[in-house]
Amino acid sequence: MKPLRSRPGMGLVMVILLSLFLLPTFVYLSWNAGVALRHSMRERQQSEAAALASQAMVDYMRQFSQDYFAGHYDAASLDRNRSLYEAGFTEVDYEAYPAAHALYIEARGKYGKDPDAPLAGRKLSAAVQFISDLTDYGTLINGAFTISADNVTYYGKWWITGNLSITGDNVRFAGGPLIVGGNLSVSGSNVRVDGDLYYGGSLSGSPAVDGTAYNFYPSDMIYPEMREEYYEANYAYRIAGSDRTLQFNAHPSSSTFSIIGTTITVPVVESGMIVLGDNVNLTVYGTVRGRVTVATTNTSGSKGKITVGQSSADSDLFYYDPLTGGTTTSAALGSSMALIASNGITLQGKTSGTAQDLTVCAVIFNRSSANISASGGSSKRLYIYGTRNKPITTSGFGGGTTMTYDTGLNTNPPPGLPERPVLVTWHMR
């Protein structure tokens, strides 16, 4: 028998046999590699298209975060031309809902050189809600504060940028988190937080926390900065020269305010109007129908104050109730009021003759360094429905003070408040 290597034709046979085995394997591996490459390329193209769509949303959020007052709903600031990037194009459509303080954005990312025939495309749908901290927090204080009163319940979110000291007993924070930028010191008994607690410094004492206690201050907590020039440029009615008293009058078919001592009656734009007190002191009371902000400026020492109520008359500040034709303390039915004072806010109950309780429904924001002051009858009560940014120093009001956070303010906020953008939905497809 001859050795295998010496048999003629056996080498060719082996080559053919190996080829029959290796060729399909090579074809199979090549096909799989091609499929994987196509999938990889497709995935990269889709990723690039998604990035192009996301860039539009990032650009919007950057814009909104730079200006809390303007450019949220108008076409001049929202319109975007088709943007060309190295990898492709971005197109944007939007629908603005100023009454709801919301914005819907649809951004399309197109990968490729031809926007009309892209290699890949992704669409991002997002909804942005604009919320003002002045309506979102029942109490927001820039600085330090001490709570010395007993048997106090604070409704709504509570935010203080500095240290908070609680020396009173039976103090409760209800309806949201307690956020403290500095140290939290609790020496009073039975102090309770119905929710989460955030504190940036140290904690002394043992408050009862129903939620979770976090030893940090959220980085996105930026105290609202009021822009006086915004109100000077965007008012619907301006009062200058003399101090004035405004009485708001709500009727089933109309809404006005009268300037007491004059024959002037001003229609209220129910969808939203800013009344500017330009270097004057204003007193306001009555029943508000619509969304109104009363703001003051101050260029001399004694001007820029806002007073709610009068010592000589029962002069509460209510909202109009369209369901009953009477009054309500809730902004949920479409009316709201903000008082933005440059030089102090006073809440004045009736003290002459027969003293009366005082009810104030409003966002109360005092830009001066002083506390909010309140004066009333020795046996009467002060009722506040809304929010405030300063401690309240009371004189009289021996019956006590009730402060209730108005949950309707977020859905029906007064105009001209600084609003931060909140991304509600984000859907990529």
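Nothing here was measured: the structure is a model prediction, and the numbers come from that model.
- Between Tyr385 and Thr359, the closest side-chain pair of non-hydrogen atoms falls below 4.5 Å.
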Inset, instruction - Let me see the working for Arg238 and Asp278 under salt bridge (charged side-chain N to carboxylate O under 4.0 Å, His left out), right down to the final yes or no. - result: CA-CA 7 Å; Arg238 174 176 172 267; Asp278 192 355; 3.0 Å; yes
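- Between Tyr137 and Trp159, the ring-plane angle classifies as tilted under the 30° and 60° cut-offs.
- The closest side-chain heavy-atom distance from Leu78 to Leu103 is below 4.5 Å.
- In this structure, the side chain of Asn183 engages the main chain of Ser202 through a donor-acceptor pair within 3.5 Å.
- Applying the side chain to side chain donor-acceptor pair (under 3.5 Å) test to residues at least two apart or on different chains, the pairs with a partner in residues 416-429 are His72-Glu419, Tyr73-Glu419, His101-Glu419, Ser125-Arg429, Asp133-Arg420, Asp136-Arg420.
- Ion pairing between a basic and an acidic side chain is recognised when a charged N comes within 4.0 Å of a carboxylate O; Asp116 and Lys110 show no such pairing.
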Legend entry - ring pair (Phe, Tyr, Trp, His ring centres under 6.0 Å) evaluation trace for Tyr199 with Tyr217: CA-CA 6 Å; Tyr199 58 98; Tyr217 186 60; over 10 Å; no
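- Salt-bridge check for Arg367 with Glu228: passed, with a basic side-chain N closer than 4.0 Å to an acidic carboxylate O.
- The closest side-chain donor-acceptor pair between Thr167 and Ser148, if any, does not fall under 3.5 angstrom.
- With contacts defined as side-chain heavy-atom distances shorter than 4.5 Å, the pair Lys123/Glu106 qualifies.
- A centroid separation of less than 6.0 Å is found between the aromatic rings of Tyr198 and Phe216.
- Residue Glu225 places its CD atom among 12 or fewer non-hydrogen atoms of other residues, nucleotides or ligands, all under 6.0 Å distant.
- Judged by distance alone, the side chains of Ser189 and Asp169 do bring a donor and an acceptor atom under 3.5 Å apart.
- In summary, the side chains of Asn170 and Asp150 do not present any donor paired with an acceptor at a separation below 3.5 Å, with no hydrogens or angles considered.
- Using modelled atom types, one finds no donor on one side chain facing an acceptor on the other under 3.5 Å when comparing Asn343 with Ser368.
- When side chains are defined from C-beta on, Val294 does not count as touching Leu276, because their heavy atoms never get closer than 4.5 Å.
- The existence of a salt bridge linking Asp67 and Arg227 is confirmed by a sub-4.0 Å separation between a basic side-chain nitrogen and an acidic carboxylate oxygen.
- With salt bridges taken as basic N to acidic carboxylate O contacts below 4.0 Å, none links Glu270 and Arg291.
- Thr411 places a side-chain N or O within donor-acceptor distance of the main-chain N or O of Gly408, the cut-off being under 3.5 Å.
- Lys350 has no carboxylate O lying under 4.0 Å from a charged side-chain N of Asp314, or vice versa, which leaves the two without a salt bridge.
- Judged by the 6.0 Å and 45° rule, Arg108 forms no cation-pi pair with Phe89.
- Between Phe173 and Tyr154, the ring planes are parallel. Angles under 30° get that label, and only those over 60° would be called perpendicular.
- Considering Asp243, Asn279, Thr296 as possible partners of Lys303, the one that fulfils the side-chain hydrogen bond (donor to acceptor under 3.5 Å, both in side chains) test is Asp243.
- Taking the ring centroids of Tyr94 and Tyr60, they lie at or beyond the 6.0 Å cut-off.
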